[in-house]
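Below is one structure, written out as structure tokens; the observations come after it.
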Amino acid sequence: MTEHSPVTQTDAKPVKTMAMPDAQTVTEVTHWTDRLFSFRVTRPASLRFRSGEFVMIGLMGDPDPKTGKQKPLLRAYSIASPSWDEELEFYSIKVPDGPLTSRLQHIQPGDEIILRPKPVGTLVHDALLPGKRIWFFATGTGFAPFASLLRDPQTFEDYDEVIITHTCREVGELEYGRKLIEDIRQDELLNELIGAENLAKLRYYPTTTREESPKMGRITDLMRSGEVYRDLGVEPISPEHDRAMVCGNLAFNLEIKELLESYGLEEGANSDPKHYVVEKAFLD
Ligand code: A2P
């Protein structure tokens, strides 16, 4: 993959009315690579959520051949936009033959999707005890909940330092996150809302595993070797100072969980806040 410029569709297209329950209208679609896209939809007026939570979204399935009835085809998607945004943003993989994403990847502005307005999830500030430094560990589309948390003023109020690591196979797969971090640093509204001195606390550590880039390797290996701490000039993770949120593929989540526990961190929950929390990046 050498071409990284995303393709954004914002032109108004004819609206397809599907007469769906909980329908929301697509306002923007951006294709980042042939495997990844993001999109924005209208936000239900009543929807309140905490940064890092997910909702069920989808499309109407094909009609049942016998009854002719259509059922909604829904999947969990982390909300990638901050809670103060008037629209909702999602970041998705395109799974070849995936029942939902094989169709969802073709949505265009003006189309409708189903969105069940019941946000839930573990990647929330309430599930962590107070600390000095927060680490967000993402692989692939696991970046999505952090795209929300990184635009939440609370993230910067609660911690002296905010570190986001993102490991992907190829350079092009980092682009959504890279651009978001760049936008956060430059955005006037965010600088006003979060404070330029608070935004200076943000550190970004992208790595690739299958294509050459300035920093290569799985984040778990870079933690074991101590390279990530040397690169960032920080002490290795400790339960005293560090808190972590993890979102990635299953194997990654399990491996980093073990690693965080080896540092003495314990897993928290909404009802029992501790040192770290984990959520899997949802796949089709
Ligand atoms: P790798 O290329 O070495 O498998 P995927 O696209 O399959 O979800 O993977 C996203 C990123 O997560 C890839 O860079 C992949 O590295 C990395 N990864 C996969 N499994 C693990 C793991 N157990 N620990 C750390 N990183 C992992």
Side-chain angles (χ1 to χ4, degrees), residues 1-4 6 30-39 52 54 75-78 80 90-102 104-105 121-123 134-147 149-150 163-181 203-232 236-237 242 244-263 265 267 275-284:
M1 227 171 295
T2 50
E3 178 59 65
H4 305 314
T30 303
H31 293 274
W32 297 91
T33 70
D34 51 3
R35 288 179 67 217
L36 296 166
F37 70 115
S38 63
F39 54 97
F54 65 85
R75 296 284 182 271
Y77 269 84
S78 292
F90 299 97
Y91 182 46
S92 178
I93 195 159
K94 307 173 193 177
V95 180
D97 307 323
L100 179 63
T101 61
S102 60
L104 195 64
Q105 63 178 286
T122 57
L123 301 182
I134 180 109
W135 294 80
F136 295 143
F137 293 107
T139 65
T141 54
F143 192 90
F146 305 130
L149 283 153
L150 285 171
I163 301 173
I164 167 99
T165 82
H166 192 197
T167 301
C168 292
R169 297 178 188 194
E170 297 172 1
V171 175
E173 295 168 331
L174 291 170
E175 187 58 13
Y176 173 79
R178 191 201 64 74
K179 173 124 191 346
L180 187 107
I181 302 283
R203 319 279 307 271
Y204 172 50
Y205 194 82
T207 83
T208 56
T209 50
R210 303 192 194 186
E211 189 184 14
E212 204 160 321
S213 75
K215 182 53 66 177
M216 294 202 60
R218 291 178 166 194
I219 190 67
T220 41
D221 292 337
L222 297 166
M223 287 161 80
R224 269 192 219 97
S225 69
E227 198 171 327
V228 59
Y229 307 118
R230 286 194 294 278
D231 285 343
L232 292 169
I237 291 176
D242 296 273
M245 293 193 190
V246 175
C247 189
N249 66 56
L250 201 56
F252 164 74
N253 285 2
L254 291 173
E255 205 174 310
I256 200 158
K257 228 168 114 97
E258 210 173 287
L259 203 48
L260 292 173
E261 303 242 336
S262 76
Y263 291 124
L265 273 65
E267 186 167 2
H275 309 121
Y276 80 92
V277 279
V278 180
E279 198 119 77
K280 75 174 165 52
F282 306 101
L283 293 180
D284 202 359

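Indexing begins at 1, ligand by ligand and atom by atom, following the structure's order. Heads up: numbering here begins at 1 and tracks the sequence. These figures come from a predicted structure and were not determined experimentally.
Rounded to the nearest 0.5 Å, atoms SG (C247) and CG (L149) are 10.0 Å apart. Note that CD1 of I219 is 6.0 Å distant from CZ of F137, once rounded to the nearest 0.5 Å. In this structure, E175 CD and T33 OG1 are separated by 10.5 Å, a value rounded to the nearest 0.5 Å.
Close approach of ligand 1 to T167 (heavy-atom distance below 4.0 Å) involves ligand atoms 11 (C), 14 (O). Close approach to R210 involves these atoms of ligand 1, each under 4.0 Å from a residue heavy atom: 1 (P), 2 (O), 4 (O). Close contacts of ligand 1 with R169, meaning ligand atoms under 4.0 Å from a residue heavy atom, involve 5 (P), 6 (O), 7 (O), 13 (C), 14 (O).
Of all protein heavy atoms, the one closest to atom 25 (C) of ligand 1 is T220 OG1, 3.1 Å. The closest protein non-hydrogen atom to atom 19 (C) of ligand 1 is N249 ND2, 3.4 Å. Scanning the protein heavy atoms around atom 23 (N) of ligand 1, the nearest turns out to be E255 OE1, 2.8 Å. For atom 3 (O) of ligand 1, the closest non-hydrogen atom on the protein side is R218 NE, 2.9 Å.
For atom 16 (O) of ligand 1, the candidate residues are I256, N253, D221, T209; the nearest heavy-atom contact is made by T209.
A side-chain contact (heavy atoms from CB on, under 4.5 Å) with M245 is found for one member of W135, Y276, F146 and no other, namely F146.
For the pair T101/R75, no side-chain contact is recorded, criterion being any heavy-atom separation below 4.5 Å from C-beta on.
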Exercise. Evaluate side chain to side chain contact (heavy atoms under 4.5 Å, CB included) for I164 paired with F143, printing each intermediate quantity in order.
Key: CA-CA 9 Å; I164 167 99; F143 192 90; 3.7 Å; yes

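Annotation: C168 places an N or O atom under 3.5 Å from an N or O atom of ligand 1; distance criterion only.
Between the E261 side chain and the K257 main chain, no donor and acceptor come within less than 3.5 Å of each other.
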